[in-house]
Protein chains: 2
Amino acid sequence: MTADTTPPDPSFYAHPENSLGYLCRIAFRNFSRALEKRTLPLGVTAGQWRFLRVLWAEDGLSQRELSRRVGMREPTTVVALKSLEKAGYIRREPNAADRRVTNVFLTQAARDIEERLLPCVVEVNAMATEGLTPTEANQLRALLGRVIDNLQDEADTVLRRAGGE
Amino acid sequence: MTADTTPPDPSFYAHPENSLGYLCRIAFRNFSRALEKRTLPLGVTAGQWRFLRVLWAEDGLSQRELSRRVGMREPTTVVALKSLEKAGYIRREPNAADRRVTNVFLTQAARDIEERLLPCVVEVNAMATEGLTPTEANQLRALLGRVIDNLQDEADTVLRRAGGE
DNA sequence: GCAGAATAGTTACATATCTAAGTAAATCAA
DNA sequence: TTGATTTACTTAGATATGTAACTATTCTGC
């Protein structure tokens, strides 16, 4: 049963402000805009940023693993990597052991720009959490994590279309 | 100063899971997928759904006001309304008093489908908040609301390009 | 070893969303 | 009352993102 967790009156969700989906969308959009406002002048779009962040942490991933960590579908990754390659931030290298796999490596330019981009996300997160105690910020992360987990199976079923029934 | 709210160590945000922007994006995406999984069989996309929800609450809004309430830019609204009009869910009516304005009205079909769509969002929200107490769910809403407000000015400056400096 | 299944990546195409720039109508200021 | 400004909407064009379907490669079970 799921009925004892939240007011289940349908009219409650008729108002967007009560809907967690709406709140997550607006919060995400405000984050994106605030971040892109800072990174676009440096020539990096929000889409590129998401991949760079993962690659700064670990270089040489396959495209599939990269997709998983960034949280995007693979065709989205293909497009994003094309733009990153064109911008000179990555190079793609066929894997010798398994020729299906392409590994993605950062260029020096991408490493150089990291220290100018990380402060952007620090600043945006600081601004976003202004007035929140560290405890509250952590609560927010934890609660979002639980919501994400609760919906993960649903989100995945679209992906693994073979698993249906 | 904003430094006393959250761990400001840049490397902290190198990991997506620590970044509120990432968490909001994944949460939003999981919501979207879970919701669309239920509404698409009824012929309604997530984009259409967002506008319908606002119109169910109040009919006859101008496109600008509708954009504001849904949280989309106006060109997005134009596209969405075109698809809603084509699907037979809205009609647009020029305002007699101010001919710049177009008012948007629901058709009977849109009213009929409301009672089949609202349960979808109720179900998705129930699933999302499973294991959360009502208090925690409200905390999450409140915290998201504060983050949204903190970033709202940033998000708006892009919009009112005349205000620059 | 080979046929069929699984895996990695890509292409093709559809939506959704945005910014920038354009049009038409209303308002304001002289 | 007319020129400049503002407002409401639209168009044009870019980016991001997704699903479905395709190719190439590898693995698996006989």
Side-chain angles (χ1 to χ4, degrees), chain A residues 25-26 28-30 32-37 39-40 43-51 61-68 70-87 92-104 155-164, chain B residues 25-26 28-30 32-33 35-37 39-40 44-51 61-68 70-87 92-104 155-164:
Chain A
R25 175 166 67 85
I26 301 301
F28 160 57
R29 194 206 49 190
N30 284 7
S32 280
R33 288 185 184 166
L35 185 65
E36 205 159 47
K37 194 174 158 185
T39 63
L40 272 185
V44 175
T45 68
Q48 294 176 320
W49 152 266
R50 291 177 192 124
F51 286 88
L61 297 169
S62 71
Q63 294 191 193
R64 175 147 301 183
E65 178 59 17
L66 195 49
S67 305
R68 200 188 60 72
V70 173
M72 300 286 186
R73 304 293 195 201
E74 278 146 50
T76 305
T77 299
V78 170
V79 174
L81 291 183
K82 266 184 192 159
S83 98
L84 282 168
E85 194 165 36
K86 190 173 167 191
R92 296 182 308 152
E93 203 166 284
N95 185 299
D98 184 341
R99 286 184 302 160
R100 293 170 305 182
V101 175
T102 304
N103 296 105
V104 181
D156 286 345
T157 41
V158 185
L159 185 61
R160 45 178 141 79
R161 68 202 140 176
Chain B
R25 175 166 68 86
I26 301 301
F28 160 57
R29 194 205 47 189
N30 283 7
S32 279
R33 288 185 185 165
L35 185 65
E36 205 158 47
K37 194 174 159 186
T39 63
L40 271 186
V44 175
T45 68
Q48 295 176 319
W49 151 266
R50 291 177 192 125
F51 286 88
L61 297 169
S62 72
Q63 293 190 195
R64 175 147 300 179
E65 178 59 17
L66 194 48
S67 304
R68 200 188 60 73
V70 172
M72 300 286 188
R73 304 294 195 199
E74 279 145 48
T76 306
T77 300
V78 170
V79 174
L81 292 183
K82 267 184 191 160
S83 98
L84 282 168
E85 194 165 36
K86 190 173 168 190
R92 296 183 307 154
E93 203 167 285
N95 185 298
D98 184 340
R99 286 184 303 162
R100 292 170 305 181
V101 176
T102 304
N103 295 107
V104 181
D156 286 346
T157 40
V158 185
L159 185 62
R160 50 177 140 78
R161 65 200 143 177

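So that the names make sense, note that chain A is the first sequence line, chain B the second, and so on, each numbered from 1. Since we're looking at a predicted model, the values are computed, not measured.
The CZ-C1' distance, from B:F28 to C:dT17, rounds to 10 Å in whole Å. Going from atom CG of A:L35 over to atom P of D:dA16 covers 13 Å, rounded to whole Å. Between the C1' atom of C:dG9 and the CG atom of A:L61 lies a distance of 15 Å, rounded to the nearest Å. D:dT25 atom C1' lies 12 Å from atom CG of A:N95, rounded to whole Å. Straight-line distance from the CG atom of B:N103 to the P atom of D:dC9: 8 Å, rounded to whole Å. Taking atom CZ of A:R25 as the reference point, atom P of C:dT17 lies 7 Å away to the nearest angstrom. For A:E74 and D:dT23, the CD to P distance is 18 Å, given to the nearest whole Å. The distance from atom CE of B:M72 to atom P of C:dA16 is 9 Å, rounded to the nearest whole Å.
Using a 4.0 Å heavy-atom cutoff across all strands shown, B:T77 reaches no nucleic acid atom at all. No engagement by A:S83 is indicated, since no non-hydrogen atom pair under 4.0 Å with the nucleic acid exists.
The residue among A:D98 and A:A80 whose nearest nucleotide of DNA chain D lies closer to the 5′ end is A:A80.
In this model, the phosphate group of C:dT11 is approached by a side-chain N or O of A:K82 to a distance below 4.0 Å at OP1 or OP2. When the side-chain nitrogen and oxygen atoms of A:T76 are compared with OP1 and OP2 of D:dA16, none of them lie within a distance under 4.0 Å. A sub-4.0 Å separation between OP1 or OP2 of C:dA8 and a side-chain N or O of A:R92 is absent. The side chain of B:R100 contributes no N or O atom lying less than 4.0 Å from OP1 or OP2 of D:dC9. Distances shorter than 4.0 Å separate none of the side-chain N or O atoms of B:Q48 from OP1 or OP2 on C:dT15. Between A:T45 and D:dA16 there is a side-chain polar atom (N or O) within less than 4.0 angstrom of OP1 or OP2.
For the 3.5 Å distance criterion, the side chains of B:S62 and B:R100 fail to qualify, holding no donor opposite an acceptor.
Listed candidates were C:dC18, D:dG18, D:dA8. Nearest to the side chain of A:R73 is D:dG18. Side-chain proximity of A:Q63 to the nucleotides C:dC18, C:dT10, D:dG18 is greatest for C:dT10. Among C:dT10, D:dG18, D:dT26, the nucleotide with an atom closest to any side-chain atom of A:V78 is C:dT10. When each of C:dA8, D:dA16, D:dT19 is scored by its nearest atom to the side-chain atoms of A:R50, the top-ranked nucleotide is D:dA16. For B:R64, the side-chain atoms get nearest to D:dA8 when compared with the rest of C:dT10, D:dT17, D:dA8.
Taking the side chain as every heavy atom from C-beta outward, B:M72 and B:F51 approach each other to under 4.5 Å.
In summary, B:E85 and B:K82 do not engage in a salt bridge, as defined by a charged side-chain N under 4.0 Å from a carboxylate O.
Between the B:R92 side chain and the B:L81 main chain, no donor and acceptor come within less than 3.5 Å of each other. Checked by atom type and distance alone, the side chain of B:T77 never pairs as donor or acceptor with a backbone atom of B:Q63 at under 3.5 Å. The main-chain N or O of A:A46 is found under 3.5 Å from a side-chain atom of A:E36 such that the two form a donor-acceptor pair.
One cannot find a donor-acceptor pair under 3.5 Å joining the base of D:dT25 and the side-chain atoms of A:R99.
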